[in-house]
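Heads up, the thing below is written out as structure tokens.
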Amino acid sequence: LLLIIVVAVVLGLILRQGTSFKSTFIDRCEQFEGYNCEKIWGAFEKAYVGRDPCEVPMEAYDPFIAAAHFKPACGRMMFWSKTKDLVHDFTEKKDCFLTLEDTLLGSVVNDLTWCGKEGSSETFTTGCPGWTYCENNTVRSFWNRASAAFADVACGDVTAMLNGSITTPFNSASIFASIEVKRFDSSRVKNLNVVLVTQKNFVTNCTNASLKNLQKELDAGIKYNCKEVAEAQIHECSSDPQKPCGSCW
Ligand code: N1C
């Protein structure tokens, strides 16, 4: 009897886990108007369900990207690398910029972990491979694909918040460097404005060697600009409702 109870509880937990991931996804999707969220979920799930979680290439998410198409916000698109918390604190408080996580594409799974398993039709949220465990893992391929889609439609003036407290703010291993910058197209993107976020004892400024690489990577015709901005200044500005968009740096 005890064994049956244990098995039932474990099964219950596993099943609940799957459903709660789906309901989170659907709830978040429904915050956006004009989308068929069940259809989007179906396309998303198809990318990894029943597959080895280390063998999900980024292309597996193509149907999801197609179903969750979105309109670009020219001049307001915000990219980032190693500044996630600060960027989202800023975009939440001030309605100036849009990150990938502020669009349906990124918001449905932001901060979540998920994967499938061979021979199963479920979504698991534990026991999934970590970011660097294998290259084509469920979560990493998702962010690679979604970031590519976001960068593909980038237009007008584009902003990127980079971390000035590390020696390599533009790191070739990052999604920003390896995917997004490579896909900025000069027929749509006019300027790339880098906001290099600095702290008290910052180790980096706009003359940083990695930022030279960033300029080299940019499609000819896209203008580049870099500005060092103290983290405290960004916090102060986003907490002050009087300060208009665009006055923070
Ligand atoms: O590798 P990164 O940063 O340079 O990626 C950031 C870059 C942003 O411009 C986003 O458009 O790529 C996009 N992106 C996300 O939107 C995103 N949301 C959550 C990339 N990664 C994202 N995550 C998680 O952050 C992801 O699971 C991974 O673990 C980090 C990557 O952050 P990073 O190295 O600071």
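Nothing here was measured: the structure is a model prediction, and the numbers come from that model. Order of appearance sets the numbers: ligands from 1, and atoms from 1 within every ligand. Residue numbers count from 1 along this sequence.
Ring geometry for Phe44 versus Tyr61: interplanar angle of 30 to 60°, hence tilted.
Note: Trp114 and Phe25 fail the aromatic proximity criterion, with ring centroids not under 6.0 Å apart.
When each atom of ligand 1 is checked for a heavy atom of Asn110 under 4.0 Å away, the hits are 18 (N), 19 (C). Those atoms of ligand 1 that come under 4.0 Å of a heavy atom in Ser81, given as number and element, are 2 (P), 3 (O), 4 (O), 35 (O).
Ligand 1 has an N or O atom lying under 3.5 Å from an N or O atom of Trp80, backbone or side chain. Polar contact with ligand 1: absent for Thr83 (N/O pair, distance under 3.5 Å). Between Phe176 and ligand 1, at least one pair of N/O atoms sits closer than 3.5 Å. Distances between N or O atoms of Lys84 and those of ligand 1 include no value under 3.5 Å.
In Ser147, the part holding a heavy atom less than 4.0 Å from any atom of ligand 1 is the side chain.
Looking from atom 17 (C) of ligand 1 to the surrounding protein, the closest heavy atom is Glu101 OE2, 2.9 Å. Nearest protein heavy-atom neighbour of atom 33 (P) of ligand 1: Lys82 NZ, 3.6 Å. Nearest non-hydrogen protein atom to atom 2 (P) of ligand 1 is Ile175 N, 3.5 Å.
Residue pairs that meet the side chain to side chain donor-acceptor pair (under 3.5 Å) test with at least one member in residues 159-169, sequence neighbours left out, are Ser165-Gln199.
Judged purely by atom type and a 3.5 angstrom limit, Asn137 has no side-chain atom pairing as donor or acceptor with the backbone of Pro53.
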Below 3.5 Å, can you tabulate the donor-acceptor pairs from side chains in residues 62-79 to any protein atom, sequence neighbours excluded?
unit_1: Asp62; atom_1: OD1; unit_2: Arg145; atom_2: NE; d: 2.5
unit_1: Asp62; atom_1: OD1; unit_2: Arg145; atom_2: NH2; d: 3.4
unit_1: Arg76; atom_1: NH1; unit_2: Asp95; atom_2: O; d: 3.3
unit_1: Arg76; atom_1: NH1; unit_2: Cys96; atom_2: O; d: 3.3

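Within a 4.0 Å radius of atom 30 (C) of ligand 1, the protein contributes no non-hydrogen atoms.
Arg188 and Asp219 are not joined by a salt bridge, as no carboxylate oxygen comes within less than 4.0 angstrom of a charged side-chain nitrogen.
At a cut-off of 3.5 Å, with distance as the only test, a side-chain donor of Thr99 or Asp102 sits close to an acceptor on the other residue.
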